[in-house]
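Inspection log for the structure reproduced underneath, given as structure tokens.
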Amino acid sequence: MKAQQRQFASWIIGLLLLCLWTSSSMAQEFSVLRSSGDAAVIDAGSADGIQSGNLFRVYRREAGTEKDIATVQVTHVLFNMTRIEVTERVGNETILQGDLAERIEETSIQTQEESGSSLGYQDYSPGLSQRTPAQQRVKGVYLGPTAGMFIPLGDMKDVFENNFGYGGILGLQFKPDLDVSMRFFFTAKSTEWSIWNLQLLGRRYVNERILFDFGYGILYPKVGAAALGSGDILLGFIAGTGYTFPAGMNTWIELGVLYHYYPNFGDKVGQFMTIQGRLIL
């Protein structure tokens with residue numbers, strides 16, 4: 001009787017071990033929490049064994065079938081959240097919230113490379129192609145505070161002087177490599193003078209870190225005892241460059257220089273620079 005019990009127990013333990021092995025060897029399926037098309041966040045992280053550089057297949061279930069969307073690579077891992085970027089697409093599909101992600105095992109990749117196949121993707125390459133910060137940002141809309149230095153140039157130096165200022169930015173990722181943003185910047189020296197500056201700018205990324213800003217500016221300067229009162233509103237042009245780098249999964253820091261040109265600054269030309277640091281959230 002005891003021998004039969006031991007044999008039964010060993011069968012149960014063996015069955016449990018087989019189930020555990022089978023479940024661990026099965027592909028894990030994760031969901032896309034949010035996406036900007038070329039970048040997304042899935043609901044799994046280091047707690048699920050995900051590491052930076054891992055490859056995933058993203059697909060969509062439609063009418064009981066699976067539709068391949070893209071191959072992606074992990075770029076940033078938190079405990080329960082992972083950021084992924086597209087390396088290869090299937091057709092013109094983009095990743096959407098609710099799509100599913102399945103890890104691609106290295107053995108599968110090696111086999112496909114040796115056989116010349118590519119999971120159905122053309123020109124498959126396991127290396128992550130460089131993406132611009134606009135493509136890397138998961139949020140299509142972003143905002144943040146700004147602080148920097150106002151530096152007058154030319155005739156403006158006769159009235160204004162270098163001074164600290166502050167402001168903010170509200171941006172929209174209009175295209176993968178084009179942002180459109182509205183910004184404001186304010187600086188004042190007691191009651192001697194003040195400047196409000198509204199900036200309507202487009203942005204192009206030269207590479208993954210260097211950016212170029214261009215657009216229009218609306219200037220509201222005031223000089224004298226009523227420096228914070230009413231004054232003329234001027235229209236001008238703005239161009240500049242900057243450098244951006246990630247400070248977290250959804251946070252970026254930007255350092256930029258803008259040149260402001262106002263052709264109708266009284267009977268003169270108004271010119272100044274702003275050197276700004278921005279926190280993009």
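All values below come from the heavy atoms of this structure, side chains included, with hydrogens, waters and symmetry mates left out.
- T187 contributes a side-chain N or O that, together with a main-chain N or O of F164, makes up a donor-acceptor pair within less than 3.5 Å.
- Between P263 and G236 the shortest heavy-atom distance is CD-CA, 4.4 Å.
- Considering every non-hydrogen atom in both G49 and R103, the closest pair reads O-NH1, 3.2 Å.
- Put simply, CG on D68 and CZ on R60 are 11.0 Å apart, with the number rounded to the nearest 0.5 Å.
- Counting heavy atoms from C-beta on, the side chains of K189 and F150 never come closer than 4.5 Å.
- Here the CZ atom belonging to R278 is positioned 13.5 Å from the CG atom belonging to L281, to the nearest 0.5 angstrom.
- Applying the side chain to side chain contact (heavy atoms under 4.5 Å, CB included) criterion to L200, with sequence neighbours excluded, gives M182.
- Put simply, the side chain of N197 gets close to the backbone of I218: a donor and an acceptor are under 3.5 Å apart.
- At a threshold of 4.5 Å between side-chain heavy atoms, the hydrophobic network of Ile, Leu, Val, Met, Phe, Trp and Tyr places L279 and Y243 in one connected group.
- Contact record, R204 with F214: CG-CE2, 3.9 Å, taken as the closest heavy-atom pair.
- Smallest separation of non-hydrogen atoms from W193 and E161: CZ2-O, 3.6 Å.
- Expressed to the nearest 0.5 Å, how far OH of Y216 lies from CD of Q199 amounts to 15.0 Å.
- Just one of I50, T82, L100, T71 meets the side chain to side chain contact (heavy atoms under 4.5 Å, CB included) condition when paired with F56; it is I50.
- Put simply, the side chain of E102 does not reach to within 4.5 Å of the side chain of E66, judged on heavy atoms.
- A donor-acceptor pair under 3.5 Å is absent between the side-chain atoms of D43 and the main chain of F30, judged by distance alone.
- Rounding to the nearest 0.5 angstrom, the gap separating the CD atom in Q73 from the CD atom in E88 is 11.0 Å.
- For the pair K157 and P152, the tightest heavy-atom approach, listed with the atom from each and the gap, is CG-O, 3.2 Å.
- Under the rule for a side chain to side chain contact (heavy atoms under 4.5 Å, CB included), the partners of T241 that lie at least two apart in sequence or sit in another chain are I210.
- I42 is connected to V86 through a chain of hydrophobic side-chain contacts under 4.5 Å among Ile, Leu, Val, Met, Phe, Trp and Tyr, so both are in one cluster.
- With contacts defined as side-chain heavy-atom distances shorter than 4.5 Å, the pair F265/P221 qualifies.
- Atoms CD and CG, on Q97 and L33 in that order, are 7.5 Å from each other to the nearest 0.5 Å.
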Could you pull out every donor-acceptor pair under 3.5 Å between side chains of residues 266-275 and any protein atom, sequence neighbours left out?
{"unit_1": "Q271", "atom_1": "OE1", "unit_2": "Y259", "atom_2": "OH", "d": "2.5"}
{"unit_1": "T274", "atom_1": "OG1", "unit_2": "H260", "atom_2": "NE2", "d": "2.9"}
{"unit_1": "T274", "atom_1": "OG1", "unit_2": "Q276", "atom_2": "NE2", "d": "3.2"}

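- For the pair V77 and G45, the tightest heavy-atom approach, listed with the atom from each and the gap, is CG1-C, 3.9 Å.
- L96 and I84 end up in different hydrophobic clusters when Ile, Leu, Val, Met, Phe, Trp and Tyr side chains are linked at under 4.5 Å.
- With V72 as the fixed residue, the side chain to side chain contact (heavy atoms under 4.5 Å, CB included) test singles out one of I104, I95, L55: I95.
- In this structure, the side chains of D213 and E254 stay at 4.5 Å or more apart for every pair of heavy atoms.
- Cation-pi geometry between R183 and F185 is not met at under 6.0 angstrom from the ring centre and within 45 degrees of the axis.
- Aromatic ring orientation, F186 versus Y166: perpendicular (interplanar angle above 60°, classes split at 30° and 60°).
- In this structure, the separation between CG on D232 and OH on Y220 is 9.0 Å, given to the nearest 0.5 Å.
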